[in-house]
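A short worksheet on the structure shown next.
Per chain, numbering begins at 1; letters A, B, ... match sequence-line order.
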Amino acid sequence: MSDLPLMELKDIHKSFGNVDALKGVSISINAGECHCLLGDNGAGKSTFIKIMSGVHQPTSGQININGKETEINNPRDAIDAGIATVYQDLALIPLMSVSRNFWLGRELTKKVGPITVMDFEKCNSILMTEMDKIGIQLRDPTQSIGTLSGGERQTVAIARAVFFGAKILILDEPTSALGVYQTSNVLKTIERVREKGVAVVFISHNVSHALAVGDKFTVLSRGETLGTAKSGEIDFQELQAMMSGHKELSELKK
Amino acid sequence: MSTIEKKISLIRSKFSVALLRPDLGAIVGVVLVFLFFFLVARDTGMFSLEGSMNWGIVSSQFIIIAVGACLLMIAGEFDLSVGSMIGFAGIIIAVTSVVWGWPVWLSIISAFVVSMAIGALIGYITVKTNLPSFIVSLAFLYILRGMTIFIAIISTKKTIIGGVTEVAENDWLAPFFGGKIFTGAFDWLAEQGIIQTFVAGTKAGQPVVSGIPMMMVWAIGLIIFAHLLLTKTRFGNWIYAAGGDAQAARHIGVPVNRVKILMFVFTAFCATVFATTQVIEFGSASADRGILKEFEAIISVVIGGALLTGGYGSVIGAALGAVIFGVVQQGLFFIGVESSLFRVFLGVLLLLAVILNTHVRKLITGAK
């Protein structure tokens, strides 16, 4: 792996009016690495990934992509830079078929006479191969996304992002609404994607999910980075403690 | 799994896919409606060529507006101004051609341009304000109806403007809306004795059905266009996505606002086609034309299996819904049933369709 980080965010500040959502967050992301961004609700995780994906622009701070200072002014810029975001619940459209979802916005077309139409045959066959690779048994490419389980939907969304050339994959709480079995499937998918050399940014507030796949852990609290640790350097208790602001959970319960 | 088990599961999945077709309900409905009237109204001439033309034309009218409403509903929006738009476009044609003396082709094109611009405006306001299109288009239902009556009154002091037939006589565009095609073929069929001819009156000797009216040609053309657009093109994929989940579609880069605005424009186009065929056919425009048409369009679309919430539906289904509409309305007339009962039937059918669609939606989205 090269030493040069794929993406670096330095001292990112973001204010909404009087509210400082981010007060100097720094993180660097390397290819083939799963970087977990942990933090309690309101820690600034969402704001931070929205800056990475171009939805928000930082008030101050620097973003480097491949060592070059870059401005991400809108989601299109982020996508062009190879940054793909899989949102927790806004990833796929349940009423549409798996195939139509997978190709949405990037439909393969062919000419029939003067008319340009979708090339369903090609779309469907590529889809089936891709689904096979990530271990989803599709009965039929035209079955609706709604017939898949929550974990399968996340997996399809991740597969789609990677298929369309994502180099940095941001996953917003992909496991928070899932059961144990489905969670393990999604974590397996993350593992697989990472092995392909994709950088994964895994946002979660579940420490055990993060520890299962993470190479690096950055904890956010009240808009600031509390620090970054490598896998093996830190254990469950310490991470949990950092997230809760060094108050033991048992203590909080009182 | 053994091969037999695999086959069974394949057949089962094919069966459930067929059950999830949006237009299945409408297909069954059409079969039942035809069966019913074939049994009770066979002797009334309803299924003779002349009788078929009768309900065929009525169905075509419903189809023209249902196709526009269908794509718009799948894109996640409603247009309640369709009926008012029909009256409005008709009055524009009549006022500009009869009162102002414009050539009819220019009047027709002007009506299309103005209506489609208003459609775009309704769409623009809807996507920019994020208000439900139900409310925005309801406002235009009143605005357009009021404008229509106002324009008719200040230019002629009447709400019905006649005399279009005379000014449209040698126009090149008017026949595309008011004429008939294949008239030669029908004359020939009459000469061969295959089609009956009038035996008395001014039309004596002419075939009872002299050709395929342009209204039907428009209906069929619009069905084919909209069906191919929706199911075969990438723009069609965007229509489904815009209605299925606008936010998710935006995230993936679909120009949702453009799709929705264009669908409002298309609905206005369909309303103007309807208006123009009627004006050319009757030779007059009336300020009260098109009342309740928006609901008839929406009901056809819902009977056709589309979800009111968007993202799911079928043009073929909507067209079949319109045919059910046309056949029942004219069929009740043929068998001499009080025509007010048609509305009762419609209400019941709408209710059944919505309940069925909601159930289908649960099956598709896997919601319990």
Side-chain angles (χ1 to χ4, degrees), chain A residues 50 53-55 74-80 84-113 115-120 123 137-150 152-153 157 160-161 164 170 172, chain B residues 1 6 9-22 74 76 224-225 227-256 259 305-307 309-314 357 360-368:
Chain A
K50 279 182 179 154
S53 58
V55 177
N74 52 54
R76 199 74 244 175
D77 282 357
I79 292 166
D80 291 343
T85 313
V86 174
Y87 292 95
Q88 189 183 340
D89 49 353
L90 292 173
L92 300 159
I93 300 169
L95 283 165
M96 288 170 76
S97 75
V98 180
S99 180
R100 280 181 177 275
N101 261 291
F102 190 86
W103 295 100
L104 185 60
R106 301 183 185 91
E107 294 86 353
L108 298 178
T109 54
K110 63 177 181 187
K111 281 262 186 192
V112 176
I115 317 164
T116 309
V117 297
M118 274 181 77
D119 190 345
F120 282 109
C123 284
Q137 301 290 325
L138 273 192
R139 194 177 62 207
D140 183 343
T142 63
Q143 77 186 83
S144 70
I145 281 287
T147 58
L148 301 182
S149 71
E152 286 173 327
R153 289 184 211 188
R160 174 172 69 177
F164 288 111
I170 303 168
D172 180 20
Chain B
M1 250 194 279
K6 264 186 192 159
S9 89
L10 191 71
I11 290 166
R12 228 182 241 158
S13 76
K14 282 209 172 135
F15 182 65
S16 59
V17 165
L19 275 181
L20 292 181
R21 278 182 69 105
I74 296 174
I224 294 171
F225 169 77
H227 178 72
L228 292 181
L229 180 75
L230 182 66
T231 60
K232 303 290 178 210
T233 70
R234 65 187 312 211
F235 190 81
N237 214 30
W238 298 354
I239 296 176
Y240 281 122
D245 188 336
Q247 204 52 42
R250 280 194 188 102
H251 275 296
I252 213 86
V254 174
V256 171
V259 171
L307 291 175
T309 42
Y312 189 75
S314 137
N357 292 354
V360 167
R361 183 206 174 89
K362 279 183 193 154
L363 286 178
I364 309 165
T365 54
K368 295 291 174 309

message: Looking at chain B, which one of A:Leu148, A:Asp119, A:Thr109, A:Val117 has the largest number of heavy-atom pairs inside 4.5 Å, strictly under?
response: A:Val117
Taking atom [atom1] of [X] and atom [atom2] of [Y], what is their separation to the nearest 0.5 Å?
X        : Y        : atom1 : atom2 : answer
A:Ser99  : B:Asn237 : OG    : CG    : 8.0 Å
A:Met118 : B:Thr233 : CE    : OG1   : 8.5 Å
B:Thr231 : A:Arg100 : OG1   : CZ    : 7.0 Å
A:Leu92  : B:Ile252 : CG    : CD1   : 7.5 Å

task: May I ask you to test the A:Met96-B:Tyr312 pair for a side-chain heavy-atom distance under 4.5 Å?
output: no
task: For residues B:Arg234 and A:Leu104, determine if any side-chain heavy atom of one lies less than 4.5 Å from a side-chain heavy atom of the other.
output: no
- line: Here the pair of heavy atoms bringing A:Ile79 nearest to B:His251 is CD1-O, 4.4 Å
Member of B:Ile74, B:Thr309, B:Leu307 meeting the side chain to side chain contact (heavy atoms under 4.5 Å, CB included) criterion with A:Leu95: B:Leu307
query: Which answer fits A:Thr116, side chain, backbone, both or neither, if we ask what part of it has an atom under 4.5 Å from a heavy atom of chain B?
result: backbone
- request: Applying ring pair (Phe, Tyr, Trp, His ring centres under 6.0 Å), name anything that partners A:Phe102, two or more places apart in sequence or on another chain.
  value: A:Phe163, A:Phe164
